[in-house]
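Have a look at the structure below before the remarks.
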Amino acid sequence: MNPNLSRLQPYPFEKLAALMHDIEPPADIPAIALSIGEPKHSTPSFIANALVAQVHQLSIYPSTRGLIELRQAIADWLGRRFGLGPSGIDPQTQVLPVSGTREALFAFAQAVIDPREDALVLMPNPFYQIYEGAALLAGATPHLLPCTKETHWLPDLESVPQTVWERCQLIYICSPSNPTGAVMDQAQLMRLIELGQRHDFIIASDECYAELYLDEASPPPGLLQAAAALGLNDYRRCLCFHSLSKRSNAPGLRSGFVAGDAQLIEPFFQYRTYHGCAMPLQHQQASLLAWQDEAHVIENRRLYREKFAAVTAILDGVLEFSTPPAGFYLWPRTPIPDTEFARRLLAEQHLRVLPGRFLSRADKHGDPGLNHIRMALVPPLDDCIDAAQRIRAICEQR
Ligand SMILES: Cc1ncc(COP(=O)(O)O)c(C=O)c1O
């Protein structure tokens with residue numbers, strides 16, 4: 001067996017199931033789950049209709065490169081969303097469709113890491129668990145960047161030692177962050193790009209929550225936007241990852257893309273040819289329409305804004321938290337250990353949340369997930385309100 005497999009941790013939902021295995025939740029209270037970040041707003045019907053209308057293409061093998069029409073729609077969207085200017089992004093060489101960003105974030109490390117060189121892969125802590133598994137299976141060592149209240153929930157780039165940057169081959173960033181919702185501003189992205197150019201490492205920017213933000217006037221900036229602002233028009237060493245899962249409530253479509261440096265896209269394309277994860281044609285056709293439409297995304301944001309407003313009003317003064325600018329998670333501090341708090345919520349209120357420590361790792365700085373929970377505001381508004389009231393009730397009992 002590949003020895004690196006034994007270095008993988010159980011996925012957070014396995015840890016959650018083990019934590020809760022002996023609990024029998026009250027049957028007279030309806031179950032609510034805020035534990036999984038699966039969008040629950042309905043998928044726009046035009047996406048489903050396009051999928052069905054194109055289903056006859058099941059008889060055709062899709063190509064790894066993807067339809068040029070889809071890549072063009074993505075390039076147009078990137079140009080509009082991030083103001084990429086006249087040089088924009090080339091759909092022929094700088095864009096690849098992927099079957100959801102999860103597989104792409106994982107596969108990318110396998111394609112680019114050279115494990116002979118004592119490689120480090122940097123990532124935030126807490127983090128989307130794929131980054132760690134990707135680094136380990138690529139034969140690299142994960143290096144965690146603590147994201148705490150003190151660091152404004154973002155990696156503190158200035159505290160990373162030179163020796164770490166020198167061994168860094170790849171850094172994953174996640175902005176807006178899962179689980180904290182924190183957003184890196186353009187200056188921070190530009191600083192990271194400068195470090196990447198100086199120390200020759202690749203930046204994989206996971207932007208799959210970039211379209212879910214609370215202030216319509218302040219969309220989170222993206223890595224390519226920061227690169228363009230630096231005049232780095234070939235996006236050297238920069239790759240962004242985007243998804244329709246959260247933006248368009250279509251996690252089952254398994255549709256996303258990577259875009260950026262053509263010198264990274266090309267070897268990644270070659271890797272993917274062998275890996276065999278081309279997006280089915282009917283999914284590409286439906287995705288193309290989704291990237292061309294903004295109305296459903298604006299409505300999506302409105303629904304999340306409503307939920308954040310209602311839930312934070314109920315939890316205000318009960319739990320310590322800051323309302324994030326983006327994403328669909330709340331990351332409050334718990335008054336008792338996070339695992340115990342999560343167990344009580346299930347045992348007494350039939351409510352599932354994810355203990356923060358299941359998304360983080362302890363290192364010499366401590367464990368930044370400890371005594372936090374992740375609440376995904378994905379169920380309908382009424383359920384989110386109900387869930388917040390249940391949390392309030394538990395806190396007030398103490
Ligand atoms: C931070 C982050 N990145 C990537 C993904 C993967 O999304 P998908 O594979 O559906 O594009 C998720 C899913 O929850 C996520 O939270």
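Sequence positions, counted from 1, serve as the residue numbers for this chain. Atoms within a ligand are numbered from 1 in the order they appear, just like the ligands themselves.
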Structural part of [X] in contact with ligand 1, heavy atom criterion under 4.0 angstrom:
| X | value |
| --- | --- |
| Cys174 | side chain |
| Leu105 | side chain |
| Thr101 | both |
| Glu103 | neither |

May I ask you to check if ligand 1 and Ser255 share an N or O to N or O distance below 3.5 Å? no

Nitrogen or oxygen of Tyr131 less than 3.5 angstrom from that of ligand 1: no

Aromatic rings Phe13 and Tyr11: how do their planes relate, parallel, tilted or perpendicular, breaks at 30° and 60°? tilted

The remaining residues in the hydrophobic cluster of Leu145, counting side-chain heavy-atom contacts under 4.5 Å among Ile, Leu, Val, Met, Phe, Trp and Tyr, are Leu120, Leu122, Leu154, Leu157, Val160, Val164, Trp165, Ile171, Ile173, Met184, Leu189, Met190, Leu192, Ile193, Leu195, Phe201, Ile203, Leu223, Leu230, Leu232

Arg247, Arg81, Arg301 screened by salt bridge (charged side-chain N to carboxylate O under 4.0 Å, His left out) with Glu294, the one that passes: Arg247

Quick check on Glu38 - does any of its heavy atoms sit under 4.0 Å from an atom of ligand 1? no

Can you tell me if Leu244 has a non-hydrogen atom under 4.0 Å from ligand 1? no

Among side-chain atoms of Arg236 and Gln197, is any donor-acceptor pair under 3.5 angstrom? no

Close aromatic pair by centroid cut-off 6.0 Å: Phe82 and His242: yes

Taking the ring centre of each residue, are Phe127 and Tyr172 less than 6.0 Å apart? no

Among Tyr329, Tyr209, Phe241, the residue with a heavy atom nearest to atom 16 (O) of ligand 1 is Tyr209

Shortest reach to atom 12 (C) of ligand 1 by a heavy atom, considering only Tyr128, Phe257, Phe106: Tyr128

Check whether NZ of the Lys or CZ of the Arg Arg65 lies under 6.0 Å from the centre of the six-membered ring of Phe269 and within 45 degrees of that ring's axis. yes

Taking only heavy atoms of Ser245 into account, list the atoms of ligand 1 that are under 4.0 Å away from them. 8 (P), 10 (O), 11 (O)

Residues forming a salt bridge (charged side-chain N to carboxylate O under 4.0 Å, His left out) with Asp386, sequence neighbours excluded: Arg390

